[in-house]
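Everything below concerns the one structure shown next.
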Amino acid sequence: QFKSLIPPLTADEFGLLELSILAEGCRDPLVVWNGVLLDGHNRYDICTRHGLQFKTVEREFSNRDAAADWIDANQLGRRNLSPDAFRLLLGRRYNRVKKDQFSRPGNTHAAKPEDQIDPRVSNPSTIQSPSAIPAPTPAVVPPKPVSTAAALAVQHGVGEATVKRAAKFATDVEKSPRLQSAIANNVPVLQVKRAIKEERREERRQENAAKIQETVATAPQSILESDAKFSTIVIDPPWDWSDEGDQDQLGRARPDYKTMSIDQLMDLKIPADDDCHLYLWVTNRSLPKAFRLLERWGFRYITCLTWVKPSFGMGNYFRGQTEHVLFGVKGSLPLKRKDVGTVFNADRGPGGHSSKPIGFLPLVESCSPGPYLEMFSRSSRLGWVDFGENNG
């Protein structure tokens, strides 16, 4: 158990130690407590395997926790500790001290010292004259106790905040065999934590996918009222352009489908998972409204993808040749790939006015995880749930 507290040497480090002992012998004594080895496990293994002599030195400790704390303090002096191993040892020391403090019988927080009052002025009947009252003895203020974090910070040359963060780090590691294995094998803990988080996300996505399949099979029109959640949502709102300024702004581009006002869109339910990507189609003129929708729906704006169309469209001022997709994120969900730019050229889709390019949904699939939902869709795609209808 004591040996398991010590971050192991790498194969190269162990090999160098073995060569040194074979050449010069075991120079440093092994440390034991009540016959139990505390420090020098690698030296002990090498010496016993090669039949070499070694010395021991006995240490005295009040209990196992005190012996364990000495091991951690001693290991923190090593030069070859990884950052994660350093945080683990430091955090364990802090947690061990705090646990001991709060587990003592009758433990109470020290009362704040009260202002000292001269007993001769606490009872008015004893006062004869102001001159008869001697000057009060100055109160002796005990020194402010040094906190555990401050003491460890000074001892190991770090800040108090670092010590407290290390304490949480140590607690997380002690609860997770995978994190313990990561430190033992010199794998960055952050890397393993990200992997664990993504595995949990994937489990939730699979659960959501099962709910979605069941809902679609039994009552597809109730998908927004169900508890199904999507990791990726594409939405092409039926914008009502009549609230954007000019009279007859729509002109020949007036849509032949039912539109929704900005207030109606603001109240729209978006079945997003806790971690979700949103792709919001919007024209140049409607950009201000789109940013309002992102915020209302609980997404933070990340970037804008721009579709460059093959020809000019209509416009009262400049003639439109681009359309945009605001990309927003809820929670924390990375892209599946890192090689996609923010501009793409593509032909219009086969559906006529404002029809989106055929290759857009495959692009989304390559960047974001499922389950997938397309709101106000005009066509179906395998692997996607389609909701609403946008005949434009």
Side-chain angles (χ1 to χ4, degrees), residues 230-241 244-246 249-257 259-260 265 270 276-294 297 299-330 333-392:
F230 294 84
S231 296
T232 297
I233 300 174
V234 173
I235 179 170
D236 182 15
W239 300 101
D240 182 353
W241 299 335
E244 294 179 3
D246 298 334
Q249 176 201 337
L250 305 178
R252 291 181 356 196
R254 184 182 301 276
D256 57 1
Y257 51 84
T259 61
M260 296 178 68
L265 291 173
I270 306 297
C276 181
H277 289 170
L278 180 72
Y279 296 80
L280 174 60
W281 280 101
V282 60
T283 60
N284 289 279
R285 189 65 180 262
S286 298
L287 278 168
K289 294 193 296 188
F291 284 109
R292 291 174 60 193
L293 288 183
L294 276 184
W297 292 342
F299 290 82
R300 64 185 186 278
Y301 171 72
I302 300 298
T303 193
C304 177
L305 311 180
T306 299
W307 170 31
V308 180
K309 302 178 182 180
S311 60
F312 289 134
M314 301 300 295
N316 287 352
Y317 294 91
F318 294 93
R319 297 181 61 183
Q321 195 179 353
T322 59
E323 197 164 339
H324 307 286
V325 181
L326 299 191
F327 177 73
V329 173
K330 182 181 180 182
L333 186 61
L335 286 180
K336 294 161 62 176
R337 54 188 292 193
K338 303 291 186 181
D339 60 347
V340 179
T342 56
V343 175
F344 60 99
N345 293 269
D347 292 335
R348 300 175 188 271
H353 170 69
S354 80
S355 179
K356 302 305 181 283
I358 296 176
F360 181 68
L361 293 186
L363 174 66
V364 171
E365 291 173 3
S366 72
C367 295
S368 300
Y372 301 102
L373 171 67
E374 184 181 15
M375 301 183 67
F376 303 105
S377 58
R378 67 176 292 125
S379 61
S380 298
R381 178 173 173 80
L382 183 64
W384 286 72
V385 173
D386 307 306
F387 182 83
E389 182 178 357
N390 186 345
N391 294 325

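On a predicted model such as this, the values are computed, not experimentally measured, just so you know.
- Side-chain contact check for Val385 versus Phe230: some heavy-atom pair is nearer than 4.5 Å.
- You'll find the side chain of Asn284 stays beyond 4.5 Å of the side chain of Tyr317, heavy atoms only.
- The distance from atom OG of Ser377 to atom NZ of Lys356, rounded to the nearest 0.5 Å, is 12.0 Å.
- The two residues Gly383 and Tyr372 come nearest to each other via the heavy atoms O-CD1, 3.8 Å.
- Partner Phe299 forms a side-chain contact (heavy atoms from CB on, under 4.5 Å) with one of Val329, Leu293, Leu294 and no other, that one being Leu294.
- Between Phe376 and Met260 there is a side-chain heavy-atom pair separated by less than 4.5 Å.
- Aromatic ring centres of Trp307 and Phe360: separated by at least 6.0 Å.
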Item to check | Criterion ring pair (Phe, Tyr, Trp, His ring centres under 6.0 Å) on Tyr301 and Phe291, from CA distance to verdict | outcome: CA-CA 8 Å; Tyr301 171 72; Phe291 284 109; 5.0 Å; yes

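- The nearest pair of heavy atoms linking Glu374 to Leu361 is OE1-CD1, 3.5 Å.
- Contact record, Ser231 with Leu333: O-CD2, 4.0 Å, taken as the closest heavy-atom pair.
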Next on the checklist: Checking Lys309 against Glu323 for the salt bridge (Lys or Arg N to Asp or Glu O under 4.0 Å) test, could you report, in this order, the C-alpha distance in whole Å, the side-chain angles of both residues, the deciding distance, and whether it holds?
Outcome noted: CA-CA 8 Å; Lys309 302 178 182 180; Glu323 197 164 339; 3.0 Å; yes

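- Nearest heavy-atom pair across Thr342 and Cys304 is CB-O, 3.5 Å.
- Of all heavy-atom pairs spanning Trp384 and Leu373, the tightest one is CZ3-O, 3.6 Å.
- Scanning all heavy atoms of the two residues, the minimum distance from Pro310 to Ala346 falls at CD-O, 3.4 Å.
- One distance of note links CG of Leu305 with CG of Leu326; it measures 8.5 Å at 0.5 Å rounding.
- Rounding to the nearest 0.5 angstrom, the gap separating the SG atom in Cys276 from the CD1 atom in Ile233 is 4.0 Å.
- Looking at heavy atoms from C-beta onward, Met375 lies in side-chain contact with Ile270 at the 4.5 angstrom threshold.
- Remark: aromatic rings of Tyr279 and Phe327 are close, center separation under 6.0 Å.
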Next on the checklist: Working note: Trp297 + Leu280, criterion side-chain contact (heavy atoms from CB on, under 4.5 Å); need CA distance, chi angles, decisive distance, verdict.
Outcome noted: CA-CA 11 Å; Trp297 292 342; Leu280 174 60; 4.2 Å; yes

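- Taking 4.5 Å as the limit, some side-chain heavy atom of Arg337 sits within range of a side-chain heavy atom of Ser366.
- Side-chain contact check for His277 and Thr232: no donor-acceptor pair (N or O, by modelled atom type) lies under 3.5 Å.
- Under a 4.0 Å N-O distance rule, the pair Lys336/Glu365 does not qualify as a salt bridge.
- A distance of 10.5 Å separates NE2 of His324 from OG of Ser286, quoted to the nearest 0.5 Å.
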